[in-house]
Amino acid sequence: MLWSRDIVSPAEAEWATDGFQWLIERFGAETFFDETRLVLPTRAFFDAPGGRSHATALAVFEQVRGHMGMADWPCRLERQTPDADTALGDLALLRDAPAGPLGTFGVDDASEVVITYNPALLDRPLAFIATMAHELAHYLLASEAEETPGGEALHELFTDLTVIACGFGVIELESGFETDSWEAGFMQGWSLSHVGYLSQEMRAYALALFLRARAEDAVAAEAHLSDDKRRLLGRALRMLDRDRWAVERLSSLRPAR
């Protein structure tokens, strides 16, 4: 089978484009084209002190809310119960060990929106930011009565797409798939973790669509991506440049100057 130059299928590209258009039409073209910023993992965007405390988590969460234009949306951030220790005696060889959810979104008995986070995420700042953006995107979409493109079956995927449309595409792509290994005495382990729901290829395509639709230079995004993620973004940009229909459709929604 010949390898395709396209990073995603035509159906996937159409779904992403439909999704961006849906978000622009419901939450405002001015918001997408003029107010949203490409959020980068730098001190210019996140200047909270480091650490594993709830105070640190809350400070970063508030910055994520601000970048998503949701600073005044009422909600409460709570810390989940830490994951159980998965070591087994003197020797532990664990892969994809069970763990609690990275984050949750819900409404309590007092009708207050509550977002929670797994405290282990504080060891992985990009994953924490991406997870908080994902849960806030749930909140954003819950404010809209109309069903999102693809319906309930694709809702989590669409929530990831919303995160990218809100400017978090670089962080979403870079944090999407992580590997980790550890060793302590006679114990060792490894894990493969996936943050979010969209494939890496779809994240790269959506980030490229965000950049091209807004006529934004990709250099700033590329500077904060690892080599493999940068290559994915490059493939996505080339796909959009070969066939301009998606960019042209979204660009046509830009407010008149």
Side-chain angles (χ1 to χ4, degrees), residues 30-73 75-80 102-103 105 115-140 159-180 193-196 198 200 203-204 206-234 236-237:
E30 294 85 359
T31 297
F32 179 77
F33 288 103
D34 300 329
E35 299 170 12
T36 299
R37 299 173 66 192
L38 177 67
V39 179
L40 301 173
T42 68
R43 279 287 175 184
F45 290 91
F46 301 99
D47 59 0
R52 302 186 81 255
S53 70
H54 182 64
T56 294
L58 187 58
V60 176
F61 177 70
E62 291 300 331
Q63 291 174 330
V64 174
R65 286 214 295 165
H67 297 319
M68 293 185 72
M70 300 176 69
D72 59 349
W73 289 46
C75 62
R76 185 173 76 250
L77 181 68
E78 292 186 351
R79 181 184 178 98
Q80 297 171 12
L102 298 182
F105 162 80
I115 289 174
T116 75
Y117 68 93
N118 190 316
L121 277 177
L122 292 173
D123 291 327
R124 300 153 60 198
L126 290 186
F128 178 78
I129 292 169
T131 300
M132 293 300 93
H134 181 92
E135 302 310 330
L136 285 166
H138 273 302
Y139 190 4
L140 183 69
T159 304
D160 272 356
L161 188 72
T162 302
V163 170
I164 296 170
C166 287
F168 286 76
V170 170
I171 293 173
E172 184 83 352
L173 177 57
E174 187 63 24
S175 68
F177 183 79
E178 298 180 352
T179 62
D180 186 41
S193 59
H194 190 275
V195 179
L198 283 179
Q200 291 292 75
R203 290 169 197 248
L207 173 56
L209 189 56
F210 176 92
L211 294 170
R212 286 293 191 254
R214 290 158 43 96
E216 190 162 348
D217 198 317
V219 171
E222 292 169 338
H224 295 278
L225 293 173
S226 54
D227 289 346
D228 58 331
K229 312 295 174 54
R230 194 180 305 116
R231 285 192 289 270
L232 286 175
L233 178 59
L237 291 168

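Small disclaimer: the values here were computed from a predicted structure and weren't measured.
Across Pro41 and Val170, no two heavy atoms sit closer than the pair CD-CG1, 4.2 Å. Minimum interatomic distance between Leu126 and Glu174 (heavy atoms only, all atoms of both residues): CD1-CG, 3.7 Å. The two residues Gly103 and Gln80 make their nearest non-hydrogen contact at CA-NE2, 3.7 Å. Pairing each heavy atom of Pro49 with each of Thr56, the nearest pair is O-CG2, 3.2 Å. The two residues Leu173 and Ala204 make their nearest non-hydrogen contact at CD1-N, 4.0 Å. Leu38 and Glu216 get closest at one heavy-atom pair: CB-OE2, 3.4 Å.
Arg203 is not listed as a side-chain neighbour of Leu232, based on a closest heavy-atom distance of 4.5 Å or more. When side chains are defined from C-beta on, Met68 counts as touching Phe168, because their heavy atoms get closer than 4.5 Å. When side chains are defined from C-beta on, Met70 does not count as touching Cys75, because their heavy atoms never get closer than 4.5 Å. The shortest distance between side-chain heavy atoms of Leu77 and Tyr117 falls below 4.5 Å. Here the side chains of Leu207 and Glu172 are not in contact, with every heavy-atom distance at 4.5 Å or above. With a 4.5 Å cut-off on side-chain heavy atoms, Leu198 and Ile164 count as touching.
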TODO: Might you work through the side-chain contact (heavy atoms from CB on, under 4.5 Å) test for Cys166 and Leu140, ending with a clear yes or no?
DONE: CA-CA 10 Å; Cys166 287; Leu140 183 69; 4.1 Å; yes
Open item on the list: For a side-chain contact (heavy atoms from CB on, under 4.5 Å) check, start with the C-alpha distance between Asp47 and Gln63, then their side-chain angles and the critical distance, and finish with the verdict.
Closed with: CA-CA 9 Å; Asp47 59 0; Gln63 291 174 330; 2.3 Å; yes
- [ ] Give the C-alpha distance, both sets of side-chain angles, the deciding distance and a yes or no for side-chain contact (heavy atoms from CB on, under 4.5 Å) between Thr42 and His224.
- [x] CA-CA 9 Å; Thr42 68; His224 295 278; 3.3 Å; yes
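Note that CG of Asp123 is 10.0 Å distant from CG of Asn118, once rounded to the nearest 0.5 Å. Atom CG of Asp228 is separated from atom CG of Leu233 by 11.5 Å, given to the nearest 0.5 angstrom. The distance from atom CD of Glu30 to atom CD of Glu35, rounded to the nearest 0.5 Å, is 7.5 Å.
Using modelled atom types, one side-chain atom of Arg214 and one backbone atom of Thr36 make a donor-acceptor pair closer than 3.5 Å. Side-chain atoms of Arg43 come within 3.5 Å of backbone N or O of Ala48 as a donor-acceptor pair. Side-chain atoms of Arg52 never come within 3.5 Å of backbone atoms of Leu122 as a donor-acceptor pair (strictly under, hydrogens ignored). Checked by atom type and distance alone, the side chain of Glu222 never pairs as donor or acceptor with a backbone atom of Arg230 at under 3.5 Å. Proximity of a side-chain donor or acceptor of His67 to a complementary backbone N or O of Phe45 within less than 3.5 Å is detected.
Phe61 and Phe128 have their aromatic ring centers separated by at least 6.0 angstrom.
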